[in-house]
Participant: 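Just passing along the structure, written as structure tokens.
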Number of protein chains: 2
Amino acid sequence: MSEQSTFMKLRQDEREVRKQLIISAAMTLFDERSFHEIGMRDIAAEAGVSAASIYRYFPSRDDLFVEALIQDINNIEGELEKRIGEGGSLDELAIAVVDYLIDNESTFQMMCHFMIRGEVNERALKKFNAVQRYFLNMFDEALKKAEGAENIRFFTHAFFASLAGVVLTFRNYPGKSNEEKRQYMHRLALHIIKKGNEIIDSDGNIN
Amino acid sequence: MSEQSTFMKLRQDEREVRKQLIISAAMTLFDERSFHEIGMRDIAAEAGVSAASIYRYFPSRDDLFVEALIQDINNIEGELEKRIGEGGSLDELAIAVVDYLIDNESTFQMMCHFMIRGEVNERALKKFNAVQRYFLNMFDEALKKAEGAENIRFFTHAFFASLAGVVLTFRNYPGKSNEEKRQYMHRLALHIIKKGNEIIDSDGNIN
DNA sequence: TGTACATCAGTGAACGCGCGTTCACTGATGTAC
DNA sequence: TGTACATCAGTGAACGCGCGTTCACTGATGTAC
């Protein structure tokens with residue numbers, strides 16, 4: 001029994017490794033083009049397996065993408081913490097988030113995909129919701145460090161939502177170079193958060 | 001020549017009427033389900049014509065959708081002005097915008113579609129960019145009335161982007177009723193714009 | 001050591017379907033002379 | 001008043017293709033006895 005479970009565990013570990021390989025392949029492709037344009041056959045080719053194999057590890061395309069999203073968000077967590085560091089300011093955090101959303105186009109698009117949804121399967125959606133919560137919790141922590149406020153959930157929501165909106169709206173604004181757009185989004189982000197933190201200590205009620 | 005041009009004009013007018021019929025059919029469907037789920041055949045059936053006919057009036061699906069978007073935004077303009085009225089406050093405008101984005105799901109989704117894009121044809125994209133500019137100009141006017149500030153373009157951008165982000169992020173936030181979500185988005189919107197208007201008179205530079 | 005059986009990774013090929021778009025054609029309406 | 005021709009709205013049917021997903025099968029590895 002003990003030996004068998006060890007064996008099972010090994011097998012399970014290998015499974016995880018292969019799953020990881022597929023996710024990594026997907027993420028490699030995300031850097032090249034929009035996730036809408038990436039099919040199961042593309043990911044399979046990148047990972048060096050057949051498309052059918054992917055279905056041994058993920059029940060559907062959306063499920064695979066959600067897991068990739070989780071990975072991506074895990075990656076950013078460390079990065080954000082690095083950029084904020086111990087004495088990082090709220091401004092720095094905002095800029096870091098905007099840059100992240102700009103530079104990880106597919107991640108951003110996937111987030112939009114699941115947030116706007118309308119036809120995503122229940123299972124994948126549940127996973128996404130968990131990621132979303134986790135993601136926002138992460139900001140809670142970061143914002144606590146940067147601001148030291150108490151009831152922060154409401155502020156976190158306002159913070160993240162408005163930054164996402166900035167990137168959504170100006171990511172492809174015509175007639176500007178990418179660098180100009182980035183600068184402009186930074187300015188917008190700083191402008192928007194400039195005041196929000198002043199009433200952060202309230203419980204967020206407005207009534 | 002004069003008679004012919006009159007005739008041509010009549011014909012042209014009829015063409016416009018038919019175009020309008022197709023757009024109206026599309027907009028009727030938008031109230032029922034997500035625009036992603038609406039195909040050319042659906043729109044054709046709703047308009048009482050064949051799918052092939054649509055291509056006599058619109059070069060592509062995206063072009064049709066952009067024109068529908070234009071109509072929809074034209075509709076909202078009057079509505080917003082009504083809600084803001086002469087003495088409408090900035091708060092009222094923000095609430096109105098959030099409600100609009102919530103209640104016109106397809107419009108919002110189409111905006112996201114074109115803003116995130118990646119595979120939309122050039123022609124449709126140009127039209128969309130024109131709409132977007134027009135839309136933001138509209139806010140400039142509304143905000144000028146509500147706030148009376150001068151250099152308002154930057155503020156308009158921050159205003160609209162953050163509200164769009166709020167709706168994007170919380171439109172489908174799990175575990176809440178629709179009414180709760182609406183209330184919550186209102187609170188977020190009010191929180192976010194609360195301070196922005198104080199430094200509205202600056203030129204928006206941060207440096 | 002050998003045989004029968006279970007488990008599971010992996011796959012090429014095909015399924016199935018949706019869906020945007022095009023084609024070849026009909027029919028109505030107007031113009032030229 | 002009549003005939004030949006041009007213009008254009010409208011359409012049923014098909015094209016074409018992408019793409020997520022499933023199927024039937026192979027082969028390797030481990031277990032039971």
Side-chain angles (χ1 to χ4, degrees), chain A residues 1-22 25-26 29 33-68 110 113 118-124, chain B residues 1-22 25-26 29 33-68 110 113 118-124:
Chain A
M1 182 64 186
S2 166
E3 275 178 358
Q4 194 201 25
S5 84
T6 302
F7 170 70
M8 292 290 274
K9 189 166 179 316
L10 275 175
R11 180 124 82 179
Q12 192 58 35
D13 287 349
E14 280 172 39
R15 241 190 100 82
E16 283 308 314
V17 171
R18 292 195 199 95
K19 240 181 126 167
Q20 188 50 50
L21 261 163
I22 294 167
L29 294 178
R33 54 205 143 103
S34 158
F35 100 102
H36 286 111
E37 298 166 320
I38 297 172
M40 297 305 260
R41 286 168 183 77
D42 300 316
I43 297 170
E46 178 71 29
V49 296
S50 76
S53 289
I54 296 180
Y55 287 87
R56 293 231 160 246
Y57 298 93
F58 304 93
S60 80
R61 184 174 180 264
D62 272 330
D63 287 85
L64 164 56
F65 282 172
V66 169
E67 300 228 19
M110 278 193 288
H113 169 69
E119 0 56 54
V120 183
N121 78 68
E122 209 56 40
R123 189 182 347 96
Chain B
M1 183 63 187
S2 166
E3 276 178 357
Q4 192 202 25
S5 82
T6 302
F7 169 72
M8 293 290 275
K9 189 168 178 316
L10 276 174
R11 180 125 80 179
Q12 191 59 35
D13 288 349
E14 281 173 39
R15 240 190 100 81
E16 284 306 316
V17 171
R18 292 194 199 96
K19 239 182 125 167
Q20 188 50 51
L21 262 163
I22 294 167
L29 294 179
R33 54 204 142 104
S34 158
F35 100 102
H36 286 112
E37 298 166 320
I38 297 170
M40 298 305 261
R41 287 167 184 79
D42 300 317
I43 297 169
E46 178 72 29
V49 297
S50 75
S53 289
I54 296 180
Y55 288 87
R56 292 231 161 249
Y57 299 92
F58 303 93
S60 79
R61 185 173 179 263
D62 272 331
D63 287 84
L64 164 56
F65 282 171
V66 168
E67 300 228 18
M110 278 193 288
H113 169 70
E119 1 54 56
V120 182
N121 78 67
E122 209 57 42
R123 188 183 347 95

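Throughout, protein chains are lettered first and strands after them, A, B, ... in sequence-line order, and every chain is numbered starting at 1. The basis for the numbers below is simple: all heavy atoms, side chains too, and nothing from hydrogens, waters or symmetry mates.
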Participant: Out of D:dG10, D:dG20, C:dT11, which has the shortest distance to the side chain of B:Arg18?
Facilitator: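 When the side chain of B:Arg18 is considered, D:dG10 is the closest of D:dG10, D:dG20, C:dT11.
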Participant: With rounding to the nearest 0.5 Å, note down the distance linking CD1 in A:Ile54 to CZ in A:Arg41.
Facilitator: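 Here the interatomic distance stands at 10.0 Å.
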Participant: Check the distance between C:dG12's C1' and A:Tyr55's OH and give it to me in whole angstrom.
Facilitator: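 Taking OH of A:Tyr55 and C1' of C:dG12, I get 15 Å after rounding.
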Participant: Could you give the CD-to-P distance, from B:Glu37 to C:dG18, as a whole number of Å?
Facilitator: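 Value for this atom pair: 13 Å.
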Participant: Starting at CD1 of A:Ile22, measure out to CZ of A:Arg56 and round the result to the nearest 0.5 Å.
Facilitator: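 It comes to 11.5 Å.
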Participant: When the nearest nucleotide of DNA chain C is assigned to A:Ala52 and to B:His36 on a heavy-atom basis, which residue is associated with the more 5' position?
Facilitator: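 First, find each residue's nearest nucleotide; the 5'-ward one identifies A:Ala52.
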Participant: Check every atom of D:dT21, C:dT21, D:dA9 against the side chain of B:Ser60 and return the nucleotide holding the closest atom.
Facilitator: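 So the side chain of B:Ser60 is nearest to C:dT21.
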Participant: The side chain of A:Ser50 is closest to which nucleotide in this list: C:dT11, C:dG20, D:dG12?
Facilitator: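 Taking heavy atoms from C-beta onward, the closest nucleotide is C:dT11.
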Participant: B:Asp63 CG to C:dT21 C1': how many Å, rounded?
Facilitator: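 About 13 Å, once rounded to whole Å.
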Participant: Whole Å only: how far is the CD1 atom of B:Ile38 from the P atom of C:dC19?
Facilitator: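 That distance rounds to 11 Å.
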Participant: If you assign A:Arg56 and A:Arg41 each to the DNA chain D nucleotide with the nearest heavy atom, which residue ends up on the more 5' nucleotide?
Facilitator: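 Closest to the 5' end, via its nearest nucleotide, is A:Arg41.
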Participant: Within this structure, what is the CE-CD1 distance for the pair A:Met110 and A:Ile38, rounded to the nearest 0.5 Å?
Facilitator: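 Reported value, rounded in 0.5 Å steps: 8.0 Å.
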Participant: Please collect all ring pair (Phe, Tyr, Trp, His ring centres under 6.0 Å) contacts where either partner lies in residues 42-66 of chain A, sequence neighbours excluded, each pair once.
Facilitator: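 Passing the test, one end in residues 42-66 of chain A: A:Phe30-A:Phe65, A:Phe35-A:Phe65.
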Participant: Need one value for B:Tyr57: base, sugar-phosphate or nothing, where a base atom within 4.0 Å counts as base even if backbone is also close, heavy atoms only.
Facilitator: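 Result for B:Tyr57 = sugar-phosphate.
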Participant: From CZ of A:Phe35 over to C1' of D:dC19, roughly how many Å is that when rounded to an integer?
Facilitator: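 In whole Å, D:dC19 C1' and A:Phe35 CZ are 14 Å from each other.
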Participant: Anything below 3.5 Å on both distances counts as a pair; with that, list the stems of at least three consecutive Watson-Crick or G-U pairs involving DNA chain C.
Facilitator: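 The stems are C:2-33 with D:2-33.
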Participant: Decide yes or no for A:Arg33 and A:Leu29: does some side-chain heavy atom of the first lie under 4.5 Å from some side-chain heavy atom of the second?
Facilitator: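 With C-beta onward as the side chain, the pair touches.
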Participant: Measure the CG-CG distance between A:Asn121 and A:Asp63 for me, rounded to the nearest 0.5 Å.
Facilitator: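 Between atom CG of A:Asn121 and atom CG of A:Asp63 there are 5.0 Å.
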Participant: Just verifying a value: how many Å separate A:Leu64 CG and A:Arg61 CZ, rounded to the nearest 0.5 Å?
Facilitator: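 Rounded to the nearest 0.5 Å, the CG-CZ separation comes out at 8.5 Å.
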Participant: Whole angstroms only, please: what is the CZ-P distance between A:Phe58 and D:dC19?
Facilitator: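 Roughly 20 Å, once rounded to whole Å.
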Participant: Measuring to OP1 and OP2 of C:dA9, would you say a side-chain N or O of A:Ser53 lies under 4.0 angstrom away?
Facilitator: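 Answer no for this pair, as no side-chain N or O of A:Ser53 is under 4.0 Å from OP1 or OP2.
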Participant: Atom CE of A:Met40 and atom P of D:dT21: how far apart are they, to the nearest Å?
Facilitator: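 Whole-Å distance recorded here is 6 Å.
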Participant: Write down the distance between CD1 (A:Ile54) and C1' (D:dC23), rounded to a whole number of angstrom.
Facilitator: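 After rounding, the gap between these two atoms is 17 Å.
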